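Contents: one structure, followed by commentary.
Side-chain atoms are counted along with the backbone in the values below, which use heavy atoms only and exclude waters and symmetry mates. Source: prediction; values computed, not measured.
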Amino acid sequence: MHGNIERRIAKGDLSPYLFNSSYFFSSMGEYRSEDNAYKEILDQVLGESWNTIRREVWYVSEPLDTKVEAKGFKIHVSLISDLGVDGLKKIVPVLKKHSVAFKVLVDKRVHDYFNSQACNKAACGKFITMYPSDLETFKLLMEELYSKTKELYGPYILSDKAFKDSKCLFYRYGSFLGTSKRDVFGERKTVMLDDEGGVADKRMPYFFLPDGVEDPFGEEVEYPESTILNGRYEVTEPISNHSSKGGVYLALDNNTGKEVIIKEARPYINQNSLGQKDAVYGLEHEEKILRKLQTSGRVPLVIDSFQEWEHRFLVIELFDYESLGSYADWEEQNVVIKGWNDTEKKTAFCRRYLTLLKDLVDTVQTIHELNVVIGDLAPQNILYDKTTLKVKLVDFEGAYDLDNGDHYLRVTTRGFSEGSNENPDFLSDWAAVSLVAGHMLLPICHLFAINSQAKNSYLRSVVSAHDLPKEILQIIETLKDDSQKSLLLMDELGEKLENGLKEVKESMEAISDYSNIVDNIEGHIMKFIDEPYGKYGLPLDYRVHSTNEMSYAYGWAGVAEFMRLKGDVSKKFEDAYLKKVEKINAQLFAPGLLIGLSGVAVQLLESGNTKKAKELMEKVYSMDQLFDSMDLFNGVSGWGLASLKFYLHTQKKEFLLKAKEAFDHLHNHLGEGSGMLENVDGLKYSGLYHGISGAALFGLRMYQSTRDRKALKLAEKWFDAELEASEYLDGKRVWRRNYLAKVKYPYLRMGSAGIGIVALRFYKETGKEKYLSAALEIADAIKGKYCLHPGMFIGMAGIGEFFFDLYQQTDDKKFLSEAQHIAERILLYKFDGEKGTAFPGEELAAYCLDYGTGSAGIGMFLLRLSGAKEIGLPLIDDELFNNNCQKAVEDQIMTSN
């Protein structure tokens, strides 16, 4: 999460937040164990002189008369879960004897997770963590534990160093105590290991000692001098994220001079209490399957396999194919993603689609004829030649050999599997092929994991909206149970395409009254007021678990704003919300508008809770992180804009002075030239929330509040820099996500829609045609497109807000129509439950109520479409800005005099 400005987690890394539920995000700490085996051992051995509490997924045990130090050498024990009880019985008495505080995972289920490839590689394998009070105790403890645990074993802990030849004892230097201090993202700051604050306690996937700290056992860590494996393969680079079970690497075969792929597996990873064997066994199983399929020509050739140290390696051929999982090449040809309305391009895409799909079907049939069930048939495991569109499959860890019953484990990709049978079968493979065929139109199959009913309606909409042949839908459906018939249908459609597609544009009827859906969104929110879910009461975006539960972006404040704008807020909701507000601890917040305390303060201000709002806003100004970021989302532009809102609503001059302080700081940072806003990660992003457009909007609002023409002049210069940074792709005006990235973004948070929203506000104030022209070019570039996500920040709701703004500004109903069509696409994602309507959030992996990714943001957009035309964009707009802020002008004149 910490490697990007959005703090996003990749789909494959969301498993900790889905540990408790497949439908809502929650932290693993909310897991309620019914297995007391580990706890009973602690209670039996430790007695009343120790205190044991549950903290997250750990039982933390401390002797009452011993203080835990801030940092030092800590000891980790790694065990497979079948050895957990035996290990605790041997280890806990030793810890009691030496009065050493420790923590242990709560039960076998969590223990199995920490030993699995799903666990973060820096945490994987850690079963017990001990905190010796001093170096002497640490060394004594290691020796005693070594003698007690010689027969025990578990996964190697990558962040640590093994003690002697132990298979379960590891150690590292680090912090013993966490911190409640927050950085500008609202996340806990990293603990520093030195007094000067120069060395951070980062959990690296390798052993690390800070300067000035020596290994107590005096042994240097010996890293290999070269990256040559088995005396033959020179590793050149990793080609996928290194998971806990091992990496996948590109290497040079020095015997042949050819490049190859090497897959790695670590022992004991994935071995669990349910009888599942480890990753080494899994890689050996994959090798057997690949060797059986070598004659098919549909899988990579096996070149070699070997063991080095404890790790198992498999060497396979490298071929210049594209992964369907990356979608990069396919997207360049996809008329749905591109929004092309050209008959020739549609015809070419359909031909390409059929060619690839037919070869995929042929590939699966070929493998089935060899009596192998593929198991995990998903886009990332499908490779194709970009020219010939010939297919090969990779990753057969989950394959099932029907000839001998050889099977490792049921491996599936979320959204590409149906049924929960222990062993896969041919029908489950064909169901996956059908889902892949839908993915090739638009990659949203993760939605179907939580709402399988959405599949048919969504695909029908995609095909209809882009005038694609309706036969594609029949082909996708037929693939599930009759591959031969699907091939015949593909041939028939192929013949039809010889004459090209006929342009038959069906009008898409958009409704204009979304009030029932808005009511149902409120009903879904109220369901969780009556029946609170998890730690925070509402099912929210996963980022609340690393930041705070109240933020406007992901927490209660955004939901509260939706309820306020809808009107007639339920007293039950208001009471629950204000109860949360009263418990706010400002020290656990960042200052930011979207992620921090200033956004919560603004929501309370606009709700009429002025006293509490002012109290929170005043706390913002004393925060350490106040000037750590310049953007609208986390930084100065955001809390500066919040200060202006407070000034306009309260007429208290201290808020104007704070806004001026923010603006002056921003001016010093950006200067008066045409540079871009460099964010906290060193990158320069485009758009409203992290780019210079957000800073420019703050400058515009500063001018509107004070009529200081210098502010307007600067704001225009900053915004003009953003406009000049655009590019033209296929004749359309676009912006990169950041100015070093290849990907182009059309969204509210970054990219075109947010820039368009700011352009319209500059046009409204200045009347300069270049700003309206920019907005119209943006509209032309992004109209008619389907996005993968329905939400506000990186999805269709934010784009819809831009089109509705454009309609408000021009009164041109074609923009209202486009906003309504966007709403219709958003509704394809909805799930109607017994007590309301839900929408999926980040990565379509779970239902969320928040503003940035979920139902609250979608609800606010639908509110505007339902006739609430006067409602502006939350946080960004204010009727006092639009009314020229006459009282503020008078105050400014008086101040000048």
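- Distance check, rounded to the nearest 0.5 Å: CG of Leu274 to CG of Leu409 gives 11.0 Å.
- Smallest separation of non-hydrogen atoms from Ile269 and Cys124: CD1-SG, 3.5 Å.
- Under the 6.0 Å distance and 45° angle rule, Arg266 does not count as a cation-pi partner of Tyr156.
- Judged by distance alone, the side chains of Asp376 and Thr412 never bring a donor and an acceptor atom under 3.5 Å apart.
- Annotation: side chain of Tyr851 is not in contact with side chain of Glu561 (no heavy-atom distance under 4.5 Å).
- The side-chain hydrogen bond (donor to acceptor under 3.5 Å, both in side chains) search around Asp628 returns none, not counting sequence neighbours.
- Looking only at distances, no side-chain donor or acceptor of Asp541 sits under 3.5 Å from a matching main-chain atom of Gly841.
- At least one donor-acceptor pair under 3.5 Å links the side chain of Glu30 to the backbone N or O of Ser27.
- Side-chain contact check for Arg543 versus Arg8: some heavy-atom pair is nearer than 4.5 Å.
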CA sep, side-chain torsions, deciding dist, call: Arg749, Glu6, side-chain contact (heavy atoms from CB on, under 4.5 Å): CA-CA 9 Å; Arg749 184 165 183 172; Glu6 297 168 76; 3.9 Å; yes

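- Pairing each heavy atom of Leu593 with each of Tyr552, the nearest pair is O-CB, 3.9 Å.
- The existence of a salt bridge linking Arg188 and Asp183 is excluded, since no basic side-chain nitrogen approaches an acidic carboxylate oxygen closer than 4.0 Å.
- Between the side chains of Thr413 and Gln380, at least one donor N or O lies within less than 3.5 Å of an accepting N or O.
- Judged by distance alone, the side chain of Asn36 and the main-chain N or O of Lys39 form no donor-acceptor pair under 3.5 Å.
- Atom CD1 of Ile91 is separated from atom CG of Leu169 by 7.0 Å, given to the nearest 0.5 angstrom.
- With values rounded to the nearest 0.5 angstrom, Leu616 atom CG is found 5.0 Å from Leu597 atom CG.
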Test log, rule side-chain contact (heavy atoms from CB on, under 4.5 Å), inputs Tyr17 and Ile9: CA-CA 10 Å; Tyr17 298 102; Ile9 291 179; 3.5 Å; yes

Lys71/Leu177 under side-chain contact (heavy atoms from CB on, under 4.5 Å): CA gap, chis, key distance, verdict: CA-CA 7 Å; Lys71 57 191 175 185; Leu177 302 174; over 6 Å; no

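- Between Ser81 and Asp112, the side chains place a donor N or O and an acceptor N or O closer than 3.5 Å (distance only, hydrogens not considered).
- Applying the side-chain hydrogen bond (donor to acceptor under 3.5 Å, both in side chains) rule to Glu615 yields the partners Lys612; only residues at least two apart in sequence or on another chain are considered.
- When all heavy atoms of Leu588 and Asn548 are compared, the closest pair comes out as O-CB, 4.4 Å.
- Listed here is the closest heavy atom pair of Ile41 and Lys89: CD1-CG, 4.1 Å.
- Put simply, the side chain of Leu88 reaches to within 4.5 Å of the side chain of Ile128, judged on heavy atoms.
- By the 30° and 60° cut-offs, the orientation of the rings of Tyr131 relative to Phe176 is perpendicular.
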Criterion salt bridge (Lys or Arg N to Asp or Glu O under 4.0 Å) on Lys571 and Glu574, from CA distance to verdict: CA-CA 5 Å; Lys571 189 172 186 308; Glu574 187 173 28; over 6 Å; no

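- The backbone N or O of Asn609 lies less than 3.5 Å from no partner atom in the side chain of Ser607, so there is not a single donor-acceptor pair.
- Aromatic ring centres of His789 and Phe793: separated by at least 6.0 Å.
- In terms of heavy-atom proximity, Ile529 sits nearest to Ala576 at CD1-CB, 4.2 Å.
- Side-chain contact between Lys126 and His76: present, with at least one pair of heavy atoms (C-beta onward) separated by less than 4.5 Å.
- Ser855 places no side-chain N or O within 3.5 Å of a backbone atom of Leu849 that could act as its donor or acceptor partner.
- Salt bridge Lys835/Glu531: present, at least one basic N to carboxylate O contact under 4.0 Å.
- Within 6.0 Å of CZ in Arg54 there are more than 12 heavy atoms belonging to other residues, nucleotides or ligands.
- Tyr542 pairs in a ring-ring contact (aromatic ring centres under 6.0 Å, His included) with only one of the listed residues (Tyr536, Phe24, Phe25), which is Phe25.
- Note that SG of Cys119 and OH of Tyr113 are 5.5 Å apart. Values are rounded to the nearest 0.5 Å.
- Cation-pi contact between Arg172 and Phe208: absent, since separation from the ring centre below 6.0 Å together with deviation from the ring axis within 45° is not met.
- At a threshold of 4.5 Å between non-hydrogen side-chain atoms, the residues Lys103 and Arg55 do not count as touching.
- A donor-acceptor pair shorter than 3.5 Å can be found between the side chains of Asn270 and Gln117.
- The side-chain heavy atoms of Cys848 and Phe839, taken from C-beta on, include no pair separated by under 4.5 Å.
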Derivation of the side-chain contact (heavy atoms from CB on, under 4.5 Å) call for Phe589 and Arg182: CA-CA 6 Å; Phe589 284 74; Arg182 303 284 165 151; over 6 Å; no

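- The aromatic rings of Tyr554 and Phe633 sit tilted relative to each other, their planes meeting at an angle between 30° and 60°.
- Taking 4.0 Å as the cut-off between side-chain N and carboxylate O, Asp575 and Lys579 do not count as a salt-bridged pair.
- If you take CG on Asp43 and OG on Ser61, they are separated by 8.0 Å, rounding to the nearest 0.5 Å.
- Using a 4.0 Å cut-off between a side-chain N of Lys or Arg and a carboxylate O of Asp or Glu, Asp530 and Lys572 qualify as a salt bridge.
- Ring orientation note: the planes of Phe528 and His524 are nearly perpendicular, at an angle over 60° on the 30°/60° scale.
- Across Gly558 and Met860, no two heavy atoms sit closer than the pair O-CE, 3.2 Å.
- The line from CG of Leu18 to OG of Ser26 is 7.5 Å long, rounded to the nearest 0.5 Å.
- In the model, Ser629 has a side-chain atom that pairs as donor or acceptor with a side-chain atom of Asp631 under 3.5 Å.
- Of the possible polar contacts, one joining the Arg414 side chain to the Ala845 backbone as a donor-acceptor pair under 3.5 Å is found.
- Looking at heavy atoms from C-beta onward, Val85 lies in side-chain contact with Tyr38 at the 4.5 angstrom threshold.
- Val110 meets the side chain to side chain contact (heavy atoms under 4.5 Å, CB included) test with Phe19, Met28, Tyr31, Val57, Leu105, Val106, Asp107, Phe114; sequence neighbours excluded.
- In this structure the side chain of Leu42 reaches within 4.5 angstrom of the side chain of Val104, judged on heavy atoms.
- Between Lys245 and Glu397 there is a salt bridge, with a side-chain nitrogen of the basic residue lying less than 4.0 Å from a carboxylate oxygen of the acidic one.
- Of the possible donor and acceptor atoms, one in the side chain of Tyr408 sits under 3.5 Å from a partner among the backbone N and O of Asp278.
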